[in-house]
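Notes to accompany the following structure.
Bear in mind the structure is a predicted one, so any value in this text is a computation, not a measurement. All values below were derived from every heavy atom in this structure, side-chain atoms included, with hydrogens, water molecules and symmetry-related copies excluded. Order of appearance sets the numbers: ligands from 1, and atoms from 1 within every ligand.
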Amino acid sequence: MLNANALKRATDTHGPAPSAVQGSEFGRDLVQALVQRPRAISPKYFYDAEGSRLFDRICELPEYYPTRTEVAILRERAGEIAALAGPRAEIVEFGAGSCTKVRLLLDALERPARYLPIDISAEHLAAAAAVLRRDYAGLEVHPVAADYTQRLLLPAATPGAGRRVGFFPGSTLGNFSPEEALQFLRMAARVLRGGALLLGADLVKDPALLHAAYNDAQGVTAAFNLNLLARANRELGADFALDQFAHAAFYNAPLQRIEMHLVSRRAQRIALGGECHEMAEGETLHTENSHKFTVEGLRALAVKAGFRPGAAWADARRLFSVHWLHAPDASNDEKERR
Ligand code: AVJ
């Protein structure tokens, strides 16, 4: 193990300036994560280029049912969804990424007017938007580079446009705490007033199935989890020894969520931005919560946020659900603001 002097020398000679850490949101949040108890960081930091690649591989794993189940539900219900959305709909996608799932909707909708993909990564978004413009002539694509968990301003509806339909697939809602989920849904109700939200939510089920989905045999989920530390080494000059951390994922039944952690395999020190952090053997950095829902629980949460639940679709095995939630109408919203 390094003594304090050796560690100091190591950070002096090899570590980047502390400003590399302080100058990045990831750096500041990682320092905070290591200082606080319990140690925890937002799962949004999984998704650098490497993490996004690993997540795409997770979606292909035999044990990881959410993606293929949701896609199957959307395919099967595309006609019903298109009828609910109506002609000239405007799709607003929260966390659009590479904009692939929305194709299922765009292919079924009657002359969709406009697509507003929202994502934090401006470059990624611009590239994805260009591909969609090429494939869907007549569709206006208007990317919005923003963090949709913060204050969100969207362009006004285009003249002649139909309903505004929010799209939040993948059970990304499950990454939020219950309070954050409510806050997100309230924001969505506001920007979608007069329209609706199409939402994907993973369902509560046999914990053995959940456990398998987050502990795959090929170890892709473990690599995805550990990439957080690899990313810190790449971007922030941290010195995490990746082989000294273990992937842990388990179902917390009372809180209805999968938790992912990185467990320190031994007592160790981590140098980050000129500071030294200690972790004892068995201590963890909590990297993700993935909440699971019942259909009724999700609908009750939506009501609390101001939506009126419409259809709820699930697959035959009831692994995953997709919800049509009517947003409050515009006149109601005017009354609420007064
Ligand atoms: C993208 C948040 C829906 O919680 O299942 C997959 C992320 N984490 N395997 C999920 C994830 C580990 C995923 N979400």
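Among protein heavy atoms, atom 3 (C) of ligand 1 sits closest to Gly170 O, 2.9 Å. For atom 13 (C) of ligand 1, the nearest non-hydrogen atom of the protein is Tyr64 OH, 3.3 Å.
Taking a cutoff of 4.0 Å between a charged side-chain nitrogen and a carboxylate oxygen, Asp239 and Arg269 do not qualify as a salt bridge. Looking at Asp48 and Arg234, a side-chain N of the basic residue comes within less than 4.0 Å of a carboxylate O on the acidic one, giving a salt bridge. Electrostatic pairing of Glu70 and Lys101 counts as a salt bridge here, judged by a charged N lying under 4.0 Å from a carboxylate O. Checked for salt-bridge contact, Arg265 and Glu281 miss the test: no charged N lies under 4.0 Å from a carboxylate O. A salt bridge is defined here as a Lys NZ or Arg NE, NH1 or NH2 lying under 4.0 Å from an Asp or Glu carboxylate O, and Arg57 with Glu60 fails to meet this definition.
Numbered from 1 in the order shown, with element, the atoms of ligand 1 that lie under 4.0 Å from a heavy atom of Tyr47 read 1 (C), 7 (C). Shown in contact with Asn175 at under 4.0 Å from a heavy atom are these atoms of ligand 1, numbered in order with element: 2 (C). Numbered from 1 in the order shown, with element, the atoms of ligand 1 that lie under 4.0 Å from a heavy atom of Glu288 read 2 (C), 4 (O), 7 (C), 8 (N), 11 (C), 12 (C). Against a heavy-atom cut-off of under 4.0 Å, Ser290 is close to the following atoms of ligand 1: 4 (O), 5 (O), 10 (C).
Within the 4.0 Å heavy-atom criterion, the part of Phe55 lying near ligand 1 is the side chain and not the backbone.
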* **Residue pair Asp315, Tyr65: steps toward the side-chain hydrogen bond (donor to acceptor under 3.5 Å, both in side chains) verdict** => CA-CA 11 Å; Asp315 56 298; Tyr65 61 83; over 6 Å; no
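Nearest residue to atom 9 (N) of ligand 1 from Tyr214, Phe46, Tyr65 is Tyr214 (criterion: closest heavy atom).
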